[in-house]
Amino acid sequence: MKQLGAILGEMSGAVAIFSKDLYSELRTRYALNSLIMFVVVTLAIILFSTAGETVTPSLSAGILWIIVFFAAMSGLSRSFVSEEERGTTMTLQLWVEPSSVLIGKLLFNSLLIYVLNAMIILAYMLTMPAFVVKSPLIFLITVLMGTFGLSTASTFIAAIISKANSKGTLYPVLSFPILLPLLMSVIDATRLSVEGATFGEAAGDFKILLSYCVVVTTVSIILFDFVWRD
Amino acid sequence: MKNWMKIAIGLWIAAVLAVGISMPIGYIPGLGAKARIIYFHVPMSWLAVLAFFMSMWYGIMYLRKKDMKHDIKSASAAELGFAFSILATLTGSIWARFSWGSFWNWDPRETSIFVLLLIYGAYFSLRSALEVEERRATLSAVYSIVAFVTVPFFVFIMPRMMTGLHPGEGSPAPILNANGKMYMEASMRYVFYASLIGFTFLYIWLFNLRSRIGLLSYNNHTEID
Amino acid sequence: MGSLYNFLNTHSLYIVLIIVLVIWLGIFIYLYRLDKKVNELYEQHESEKENMK
């Protein structure tokens with residue numbers, strides 16, 4: 001019973017953090033507005049530079065994840081950096097359990113990046129003629145799992161970054177090696193889905209993706225205490 | 001480390017160099033005398049991975065004990081690992097120029113050493129961006145643990161899943177087979193193991209030296225403060 | 001001397017070997033001396049600590 005109570009308390013803390021972030025985001029629309037503009041700009045550059053060229057399907061799969069990666073890199077660091085900038089870290093440390101902070105921030109970041117990725121993929125499908133998904137099931141699973149892995153790893157790195165100097169440049173530098181296994185398998189699975197592969201062919205990538213998500217989530221929950229209480 | 005051990009390491013590695021370079025090797029299809037790189041390139045990459053592991057290990061020790069000694073050791077291991085992975089990359093790259101035709105081919109193992117270099121680079125940039133010592137120690141330890149649990153995807157699983165260009169990975173397997181079986185002549189194998197042992201001891205010595213220097217400078221500036 | 005020159009001319013591998021050994025000797029001597037200096041500094045440090053007490 002006691003344990004159940006602790007878990008419930010943790011969850012309510014997480015939900016409180018999540019809704020705090022959501023309300024402040026809905027009030028200012030700071031992250032979403034700038035991220036949408038970022039995506040529009042990036043997409044425009046890619047379309048300009050590929051105008052008149054034939055983009056192969058496998059290349060278009062890679063370009064999609066480049067946009068997703070850099071959009072995540074420019075948007076997700078705010079979750080912890082803003083607490084540090086506003087000086088509200090101490091308050092959170094006093095009132096909420098570390099794990100609820102992580103889960104709350106993770107929920108908010110996941111929501112943000114799921115919404116963002118949906119928009120990116122929609123815009124990308126409309127503007128990139130070479131990108132036609134022939135195996136929707138593979139693509140759907142790839143996007144769902146890949147986005148979750150992306151948001152977990154980058155939320156955790158954001159927590160590390162928020163304590164350092166020169167946060168903006170450090171963020172992609174630290175995240176890229178950690179995210180590379182994820183990105184490679186996600187790009188490969190997307191390429192397969194564009195080429196119209198069967199589910200069995202993509203199973204290897206899904207295994208890597210799934211184990212990556214599990215490992216990163218576990219490690220970040222275990223290690224978050226050290227980062228947060230420091 | 002005793003004095004005679006250092007001299008023994010020096011002589012041992014000199015002997016490995018002499019034998020490795022001058023000993024005639026049997027006929028190896030497609031490689032010939034270029035196969036000698038295995039005596040030097042493979043120990044370098046092994047040390048790069050070993051140092052990476054030790055860096056994580058001392059990171060965990062720091063998080064448990066909160067003793068700056070462990071942080072200094074973790075950083076020393078990472079520095080040495082960075083040096084060795086650069087050496088492995090350079091030797092491999094020069095070798096690849098003459099065996100595969102270009103300096104870089106994005107073979108799975110090349111990708112994994114590249115990721116290793118990136119991680120070391122990120123680790124050092126994180127360390128230099130943190131000024132408070134305890135915070136630097138904690139966060140870099142956390143980062144090295146996270147990197148260590150995600151990177152084996154690359155270093156150990158991915159190269160096994162794809163066939164690459166490295167000797168032993170294609171269908172004609174001259175030296176190392178995909179399932180880890182060695183097709184090396186006995187004499188070559190002895191030199192290779194001798195080289196592995198020699199370089200591992202050299203690493204231990206270097207690590208010892210580097211971490212003692214680190215400790216000295218740490219003690220020095222904390223006493224002045 | 002001429003025979004040695006001829007020998008090295010035909011066996012260029014040994015030139016590589018000599019260069020590599022010389023480089024290793026240099027690295028080794030550097031490390032050995034560095035190790036010695038660090039040891040001395042450590043002893044100095046220890047004796048300073050004794051004096052402080």
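By convention in this document, chain letters (A, B, ...) are assigned in the order of the sequence lines, proteins followed by strands, and residues within each chain are numbered from 1.
Distance check, rounded to the nearest 0.5 Å: CD1 of I37(B) to OG of S99(B) gives 7.5 Å. Atom OG of residue S211(B) and atom CE of residue M54(B) lie 8.0 Å apart, to the nearest 0.5 angstrom.
Using cut-offs of 30° and 60° for the angle between ring planes, the W106(B) and W104(B) rings count as perpendicular. Classification of the Y58(B)-F207(B) ring pair by plane angle, with boundaries at 30° and 60°, yields parallel.
Scanning residues 143-156 of chain A against chain B with a 4.5 Å non-hydrogen threshold yields F156(A), sorted by number. Within residues 72-80 of chain B, no residue has any heavy atom under 4.5 Å from a heavy atom of chain A. Residues of residues 118-125 of chain B lying within less than 4.5 angstrom of chain A, judged on heavy atoms, are L118(B), I119(B), A122(B), S125(B) in numerical order.
Applying the ring pair (Phe, Tyr, Trp, His ring centres under 6.0 Å) rule to pairs touching residues 164-184 of chain A yields F69(A)-F176(A), sequence neighbours excluded.
At a 4.5 Å heavy-atom cutoff, the contact between V219(A) and chain B is made by side-chain atoms alone. With a threshold of 4.5 angstrom between heavy atoms, I157(A) approaches chain B through side-chain atoms but not through N, CA, C or O.
Remark: aromatic rings of F84(B) and F199(B) are distant, center separation not under 6.0 Å.
The greatest number of non-hydrogen atom pairs below 4.5 Å with chain B, out of V173(A), L174(A), T169(A), V216(A), is found for L174(A).
Residues S93(B) and R97(B) have side chains that never bring a donor and an acceptor to within less than 3.5 angstrom of each other.
Nearest heavy-atom pair, K163(A) versus V227(A), reported as atom, atom and distance to 0.1 Å: CE-O, 3.5 Å. For the residue pair G13(A) and V96(A), the shortest heavy atom distance occurs at CA-CG1, 4.0 Å.
Test T190(A), I63(A), L59(A) against F131(A) for side chain to side chain contact (heavy atoms under 4.5 Å, CB included) and you get one pass: T190(A).
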